[in-house]
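Worksheet: the structure to be examined is printed underneath.
We name chains A, B, ... by the order of the sequence lines, and we start the count at 1 in each one. Computation of the quantities below employed the complete heavy-atom set of this structure, encompassing side-chain atoms and omitting hydrogens, waters and symmetry-equivalent molecules.
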Protein chains: 2
Amino acid sequence: MFKSVTIKDIAKALGVSTSTVSRALNGSYEIGTETKKLVLEYAEKINYRPNPIALSLKEQKSHSIGVVVCEVANDYFSQAINGIESIAYNRGYHVIITQTHESFDRETANVKHLLSRHVDGLLVSLSAQTTDTLQYQDLLEKGFPIVFFDRAAPGLNTHKVIANNFKGAFDATEALIKAGFAKIAHLTNSKNLLISLERLEGYKAALHEYGIEFNPAFVKHCDHGGMIQGEVELALKELLSMDVPPQAIFSGSDRLTISSISILKKMGIKIPQDVALAGFTNSDVVQLFDPPLTVVRQPAFQIGQMATEMLIKTIESKWPVYEFNTEKVDVELIVRSSSQKN
Amino acid sequence: MFKSVTIKDIAKALGVSTSTVSRALNGSYEIGTETKKLVLEYAEKINYRPNPIALSLKEQKSHSIGVVVCEVANDYFSQAINGIESIAYNRGYHVIITQTHESFDRETANVKHLLSRHVDGLLVSLSAQTTDTLQYQDLLEKGFPIVFFDRAAPGLNTHKVIANNFKGAFDATEALIKAGFAKIAHLTNSKNLLISLERLEGYKAALHEYGIEFNPAFVKHCDHGGMIQGEVELALKELLSMDVPPQAIFSGSDRLTISSISILKKMGIKIPQDVALAGFTNSDVVQLFDPPLTVVRQPAFQIGQMATEMLIKTIESKWPVYEFNTEKVDVELIVRSSSQKN
DNA sequence: ATGAAAGCGCTAACAA
DNA sequence: TTGTTAGCGCTTTCAT
């Protein structure tokens with residue numbers, strides 16, 4: 001670390017005690033106007049900055065928040081992290097990011113690591129593998145602040161920020177139906193994730209609304225969220241080699257959507273001629289794709305911001321917090337040619 | 001922060017002094033084997049974790065490193081940050097990320113902020129606006145560890161990790177020439193950046209190698225790195241409305257490359273029929289573009305890792321470091337149809 | 001209005 | 001081999 005000016009230096013230079021300096025700096029009232037001015041001016045002059053580490057030790061607060069996500073190299077999460085950072089920075093917190101790569105073990109290890117780092121709170125989006133949320137339960141019971149975003153743990157009583165997954169899935173499926181497709185498959189994330197269920201429900205509801213029978217064989221779950229080599233490819237191949245294959249696919253996650261196009265292209269399958277496609281993704285360049293992609297887009301940046309606001313509010317609350325809310329944010333369907341019949 | 005077990009609790013429970021506990025925990029030799037075992041077992045049992053904040057205060061080290069980049073929502077930088085985090089995490093450092101949005105003032109403010117946070121070192125990629133690097137000079141003279149990556153400050157004596165920009169530019173330009181284009185424009189970043197100059201030189205060298213005269217009017221600099229609304233559009237329009245417009249464009253940064261395609265499409269310009277395109281970018285989905293994009297790709301993840309290794313080595317060096325090296329890493333040209341004559 | 005001193009968790013120099 | 005103590009930078013209680 002770097003030798004910097006301390007309160008002691010100021011005290012010595014001015015011939016006062018460190019407590020006087022501290023009081024002046026903190027705008028206490030029990031101090032003489034003259035002395036205060038003197039200290040403040042000198043501090044300014046030598047460019048004094050309090051040592052945040054000493055403050056942390058004193059206050060028993062690290063002023064840092066831990067983030068648990070599956071991966072950062074993902075448009076949704078990198079945008080969310082951007083939102084998280086933007087709020088945290090302004091409120092004087094720093095952010096420690098950890099990745100689970102969709103593994104429950106890594107998630108557990110990350111949470112442990114963050115706690116050993118004495119983070120003041122946690123911003124969590126569960127891994128695709130996670131079914132056991134006991135560690136969060138324990139922490140919450142001790143009053144430790146946690147806010148879930150995107151992939152929330154069902155049954156845990158705390159703040160959550162989630163997208164309107166049902167509506168997003170409904171809208172995307174509806175768009176495919178309106179484009180003239182009836183045989184629509186759904187490629188989605190692990191069954192463990194609540195978002196997968198919500199999106200599945202939205203998909204089913206749209207089918208139902210338009211009198212299309214739901215075919216369970218048309219639903220493919222990628223239990224590792226597409227992180228495992230061949231997982232997405234296998235699902236797609238199974239779908240396309242069915243006796244009556246789907247004419248369109250609605251894909252339920254950022255990684256799955258992008259992987260699908262890539263794999264379909266490699267397989268020589270034409271979109272949308274051979275199979276149409278619509279999916280959740282937050283990529284900003286999908287309008288440049290061939291064909292331009294129909295997507296459900298989430299306000300990831302704002303979701304990150306909201307979750308962070310809620311977390312910091314909980315952290316800084318003078319009283320234990322017992323009232324929690326779940327913010328549901330709207331998603332946006334953007335129709336492009338990948339979902340249109342040719 | 002969260003009430004956790006301290007060395008004092010262990011000492012009290014075991015009826016020994018805190019220093020004994022400390023010694024046991026740190027594997028000191030001046031301690032009885034019995035006592036050591038006792039402490040270690042108990043610490044394990046109650047899941048003791050040292051308080052990193054107390055350690056920081058004691059050691060005068062924050063175990064954090066500051067990162068200065070233009071923006072994180074950029075494929076190159078998000079990948080580099082991934083590399084940075086991967087090393088930092090394993091070495092017990094955490095990473096504080098700040099964004100300049102290509103503004104010199106924000107860069108200065110960020111460096112100040114990071115120093116007030118007592119980071120142990122800095123990983124810097126300059127903003128497009130930066131010409132004055134005095135603040136880094138001052139820090140370096142005091143022995144403060146700084147490693148530049150990608151956008152390094154010329155004339156500062158410290159570690160640097162940069163891509164082989166000359167070769168990347170040469171190769172991309174050469175690919176366009178070999179595809180049959182002679183009138184090749186170069187859209188690039190601010191003149192202030194060394195990388196812009198190196199890429200310009202590579203571009204010129206390729207032209208020269210193939211006996212094509214260099215036309216200064218074919219070079220357009222975006223002084224704000226494309227962060228300012230309309231900046232890229234203006235440059236492109238100027239190029240395309242020339243009496244003898246270019247047949248191909250070589251673009252010299254991630255943001256400029258992606259912006260260009262987007263703008264050209266909006267203008268109704270066909271790639272590569274109306275104008276061919278090749279450019280620096282680290283996007284992983286450009287092969288899905290229409291047309292698939294010819295790119296120069298940098299090993300951003302590795303660059304981040306290397307820079308972090310070098311920084312931590314400098315931070316942890318027992319002696320002042322006077323010998324610095326500049327690592328030059330290879331880039332990769334991937335030719336796709338955006339640069340091919342139709 | 002100001003100073004002295006304790007304490008946050010930990011390490012290390014010094015004593016025993 | 002173990003304990004006592006001081007100190008990292010800061011705030012805050014208790015004296016004065």
Side-chain angles (χ1 to χ4, degrees), chain A residues 1-40 42-43 46-64 92 115-120 316 318, chain B residues 1-40 42-43 46-64 92 115-120 316 318:
Chain A
M1 194 158 49
F2 225 42
K3 187 76 209 142
S4 56
V5 189
T6 75
I7 200 177
K8 218 168 166 179
D9 298 324
I10 302 183
K12 200 179 293 170
L14 263 44
V16 296
S17 76
T18 57
S19 30
T20 302
V21 177
S22 173
R23 278 189 275 253
L25 258 18
N26 293 301
S28 163
Y29 282 105
E30 43 178 22
I31 191 175
T33 329
E34 273 306 296
T35 331
K36 191 175 193 168
K37 207 176 131 213
L38 205 66
V39 172
L40 254 29
Y42 185 73
I46 63 171
N47 194 28
Y48 167 80
R49 293 278 172 273
N51 183 332
I53 298 165
L55 279 173
S56 287
L57 186 59
K58 182 84 225 198
E59 294 173 12
Q60 300 291 75
K61 282 203 45 178
S62 66
H63 286 278
S64 64
L115 291 176
S116 81
R117 284 279 197 173
H118 287 235
V119 294
D120 297 333
E316 297 185 346
K318 293 272 181 287
Chain B
M1 193 160 49
F2 225 42
K3 187 76 210 141
S4 56
V5 189
T6 75
I7 191 179
K8 218 167 163 179
D9 298 324
I10 301 182
K12 200 180 295 172
L14 264 43
V16 297
S17 77
T18 57
S19 35
T20 303
V21 177
S22 172
R23 278 189 276 255
L25 257 19
N26 293 300
S28 164
Y29 283 105
E30 41 179 24
I31 192 176
T33 329
E34 273 307 294
T35 330
K36 191 174 192 169
K37 206 177 131 210
L38 203 67
V39 172
L40 254 27
Y42 185 73
I46 61 171
N47 195 28
Y48 167 80
R49 294 277 172 275
N51 183 332
I53 298 164
L55 277 173
S56 287
L57 185 60
K58 179 86 232 208
E59 295 173 13
Q60 298 291 76
K61 282 204 43 181
S62 66
H63 286 278
S64 63
L115 291 176
S116 81
R117 284 280 196 174
H118 287 235
V119 293
D120 297 333
E316 296 185 347
K318 294 271 180 290

Query raised in the report: In chain order, what residues pass the side chain to side chain contact (heavy atoms under 4.5 Å, CB included) check against P52(A), with sequence neighbours excluded?
Result: H118(B)

Report summary line: Whole-Å distance, N26(B) CG to dT11(C) P, equals 5 Å

Query raised in the report: Once you round to the nearest 0.5 Å, how far does CD of E316(B) lie from NZ of K61(B)?
Result: 5.0 Å

Report task. Please round to the nearest 0.5 Å and tell me the distance separating atom CD1 of I7(A) and atom OH of Y48(A). Result -> 5.0 Å

Query raised in the report: Given atom CD1 of I53(A) and atom C1' of dC10(D), what is their separation to the nearest angstrom?
Result: 12 Å

Requested in this report: Rounded off to whole Å, could you give me the NZ-to-P distance for the K61(B) and dT11(C) pair?
Outcome: 15 Å

Query raised in the report: What's the CG-P distance between L57(B) and dA6(D), to the nearest Å?
Result: 18 Å

Query raised in the report: Is any side-chain nitrogen or oxygen of K8(B) closer than 4.0 Å to OP1 or OP2 of dC8(C)?
Result: yes

**Report entry** N51(A) vs dC8(D): side-chain N/O to OP1/OP2 distance below 4.0 Å
**Finding:** no

Report task. Would you mind reading off the distance between L55(B) atom CG and dC8(C) atom P, rounded to a whole angstrom? Result -> 16 Å

All N/O contacts under 3.5 Å from nucleotides 1-5 of chain D to the protein, with atom names and distances to one decimal?
unit_1: dT2(D); atom_1: OP1; unit_2: T35(B); atom_2: OG1; d: 2.7
unit_1: dT2(D); atom_1: OP2; unit_2: G32(B); atom_2: N; d: 2.6
unit_1: dT2(D); atom_1: OP2; unit_2: T35(B); atom_2: OG1; d: 2.8
unit_1: dG3(D); atom_1: OP2; unit_2: S17(B); atom_2: N; d: 3.0
unit_1: dG3(D); atom_1: OP2; unit_2: S17(B); atom_2: OG; d: 3.2
unit_1: dG3(D); atom_1: OP2; unit_2: T20(B); atom_2: OG1; d: 2.4
unit_1: dG3(D); atom_1: N7; unit_2: R23(B); atom_2: NH2; d: 2.7
unit_1: dG3(D); atom_1: O6; unit_2: R23(B); atom_2: NH1; d: 3.1
unit_1: dG3(D); atom_1: O6; unit_2: R23(B); atom_2: NH2; d: 3.2
unit_1: dT4(D); atom_1: O4; unit_2: S19(B); atom_2: OG; d: 3.0

Query raised in the report: Given atom CZ of R117(B) and atom P of dG9(D), what is their separation to the nearest angstrom?
Result: 18 Å

Report summary line: The side-chain contact (heavy atoms from CB on, under 4.5 Å) partner of Y42(B) among V21(B), V5(B), I10(B) is I10(B)

**Report entry** side chain to side chain donor-acceptor pair (under 3.5 Å) involving S22(B) - partner list, sequence neighbours excluded
**Finding:** N26(B)

Requested in this report: Drop me the distance from Q60(A)'s CD to D120(A)'s CG, to the nearest 0.5 angstrom.
Outcome: 10.5 Å

Query raised in the report: Between dG9(C), dT11(C), dT11(D), which nucleotide gets closest to the side-chain atoms of T6(B)?
Result: dG9(C)

Report summary line: Applying side chain to side chain donor-acceptor pair (under 3.5 Å) to T35(B) and not counting sequence neighbours gives none

Report summary line: Taken to the nearest whole Å, CD/E59(A) to P/dC10(D) is 12 Å

Query - Nearest-angstrom distance from the residue atom CG of D9(B) to P of dC10(C) - result: 9 Å

Query - Any Q60(B) side-chain N or O less than 4.0 Å from OP1/OP2 of dG7(D) - result: no

**Report entry** side chain to side chain donor-acceptor pair (under 3.5 Å) partners of S17(A), counting only residues at least two apart
**Finding:** S19(A), T20(A)

Requested in this report: Report the distance from atom CD1 of I53(A) to atom CD of E59(B), rounding to the nearest 0.5 Å.
Outcome: 10.0 Å

Requested in this report: Compute the angle between the rotation axes at the two ends of the helix from dA1(C)-dT16(D) to dA16(C)-dT1(D), each taken over five pairs, rounded to 10 degrees.
Outcome: 60°

